[in-house]
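Presented below is the structure to which this report refers.
Note: hydrogens, waters and symmetry copies are ignored here, and every other heavy atom, side chains too, is used.
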Amino acid sequence: MLMKEYRICMPLTVDEYRIGQLYMISKHSCEQSGGGEGVEVVRNEEDIHPQHGLGQLTEKRIYLSSKLPSWAAAFVPRIFYVTEKAWNFYPYTITEYSVSFLPKFSIRIETRFENNNGNNSYVFGDTPTPEKNVSFLDILSDPIPEKHYKESEDLSRWQSSKTGRGPLEKGWTDDHKPIMCSYKRVQCSFEVYGFQTRTEEFIHRNIQDILLVGHRQAVAWIDEWHGLSLEEVREYEQAMQEKTNSKVKSSQNNTGPSAAPRPVFSRSISVTDERSLKKMGVTTAAMSDPSAPSVPQSPIRLNSTPE
C-alpha cells in the first residue's frame, strides 16, 4: 500500500469552501458526464457513521469503460464503473473507492481543511506523514493536463468581481489573506503481483492532476457560488445530480447495436501475475510501464470528488 499526503492551499476560508466544494463537485461531475460515461449519484443523504457519528453520505458510480486498457476490456462488464462512497463531516471527510471485479484494488482519502498555509504536520491527530511522502500542490503554477486548461480558470489571470481577490502571484501562499489548506492523506492499494508498485505510483500521479484541476475550479468559479447559503447550494447540488444522472443513463440507453459485444462471465476472474494472464491469452504489453508514452497523459478520473 502506497500512502502519500497532499497539501493544497486556496485563497479562501474554510467556511467559504464548504459552499464552494459542494458547488464545484456538482458542476464538475456534470461537465465530465456524457457519452455513456460520467458520474451517477446513487444516494446522497444524512447517515450515521459508526465512528464519526452524523454525516452526509454520498454514494456514486463513476463509469469509465473507455479508460480501461485493452487487455482488461474483454473481461469486464460492458458498462464498467467504480464505486465511490464519501462521508462528509466538514471540515473532515472520508472518501473510498472500490471495483467489484478487482477486490484487491482500493483507494482511501482522508481530508482535513484548516485556515493555514499547510504548516500543520499533525493535522490528522496521529503520527505525522514522513516528509518524503508529503507533496505541496500549487494551484497557480503546477502544470495540469493540456486538455483541462481553460483561460478562465488560469489563476494568474483570474480576478473575482465579488470578493476582489486575484490574480494570484508567485509566492502567494506566504502572505495571502485569506488562506486555507486542504490536507489529503491518500492510501492506494493494488495487490496484484508484478503490477503493484507501478500501478500505485501511476494512480497517485493521476490523483495529483485531479486535485489540481478541482481546486483550481473551486477558486475560479467563486463568483458563481460565493454568497450562497448551505440550503441554496444543496438545492443546486440536487438539480445538478438529476441532470448528471439523466445524461449518463440517456447515453447508456442510446448505445447503438453496432457496439462490439463483450463476453459475459458468470464468475469473477482472479489475476495474480503476468504469467497467468499470458496463459489466458491476454497480452500484457499495455501494462508494462504506466509511465510509457502509450499510456494516455490525461488523468483517469477515479475521483469524481476533487474536494
Before you tell me yes or no, could you show the steps for H215 and Y6 under side chain to side chain donor-acceptor pair (under 3.5 Å), namely the whole-Å CA-CA distance, both residues' side-chain angles and the distance that decides it to 0.1 Å? CA-CA 12 Å; H215 287 78; Y6 301 99; over 6 Å; no
I'd like to know whether I107 forms a side chain to side chain contact (heavy atoms under 4.5 Å, CB included) with Q187, so could you lay out the CA-CA distance, the side-chain angles of the two residues, the decisive distance to 0.1 Å, and finally the verdict. CA-CA 6 Å; I107 299 175; Q187 299 178 28; over 6 Å; no
Would you mind reporting whether N115 and I179 have side-chain heavy atoms less than 4.5 Å apart?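 No. Closest side-chain heavy atoms not under 4.5 Å.
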Within the 4.5 Å heavy-atom criterion, are K60 and S29 side-chain neighbours or not?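 Contact flag for K60/S29 side chains = yes.
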Any sub-3.5 Å donor-acceptor pair from [X]'s side-chain atoms to [Y]'s backbone N or O?
X    : Y    : answer
R7   : G118 : yes
N88  : T93  : no
N133 : T129 : no
N245 : V41  : yes
R216 : I139 : yes
Q238 : E235 : no

Begin from the C-alpha positions of R234 and E237 and carry the test salt bridge (charged side-chain N to carboxylate O under 4.0 Å, His left out) through to its verdict. CA-CA 5 Å; R234 285 293 187 193; E237 180 184 47; 2.8 Å; yes
Full working for side chain to side chain contact (heavy atoms under 4.5 Å, CB included) between R165 and W158: CA-CA 8 Å; R165 300 171 203 171; W158 156 82; 3.7 Å; yes
Looking at F113 versus Y183, is the centre-to-centre ring distance below 6.0 Å?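 When the ring centroids of F113 and Y183 are compared, they turn out to be at least 6.0 Å apart.
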In terms of hydrophobic clusters joined by side-chain contacts under 4.5 Å, are V123 and F136 together?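 No.
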Under 4.5 Å between side-chain heavy atoms, counting indirect links through other Ile/Leu/Val/Met/Phe/Trp/Tyr residues: same cluster for I94 and L57 or not?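 Yes; tracing contacts between hydrophobic side chains, which count when under 4.5 Å, links both residues.
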Taking the six-membered ring of F124, is the NZ or CZ of R185 close enough (under 6.0 Å from the centre) and on axis enough (within 45°)?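 Yes, R185 and F124 form such a contact.
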Under 3.5 Å, is there a donor-acceptor pair between the [X] and [Y] side chains?
X    : Y    : result
S161 : D223 : yes
T173 : N117 : no
D15  : T13  : no

Under the criterion side chain to side chain donor-acceptor pair (under 3.5 Å), I'd like the reasoning laid out for D138 against W172: C-alpha separation, chi angles, the key distance, then a yes or no. CA-CA 10 Å; D138 190 339; W172 70 275; 3.3 Å; yes
Given side chain to side chain contact (heavy atoms under 4.5 Å, CB included), test Y63 with R61 step by step and report yes or no. CA-CA 6 Å; Y63 294 91; R61 291 178 179 176; 3.7 Å; yes
Kindly determine whether L228 and E224 satisfy side chain to side chain contact (heavy atoms under 4.5 Å, CB included), including the steps that lead there. CA-CA 9 Å; L228 295 177; E224 299 177 29; over 6 Å; no
Do the rings of H52 and Y92 sit parallel, tilted or perpendicular, given the 30° and 60° boundaries?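 The arrangement is tilted - the two ring planes meet at 30° to 60°.
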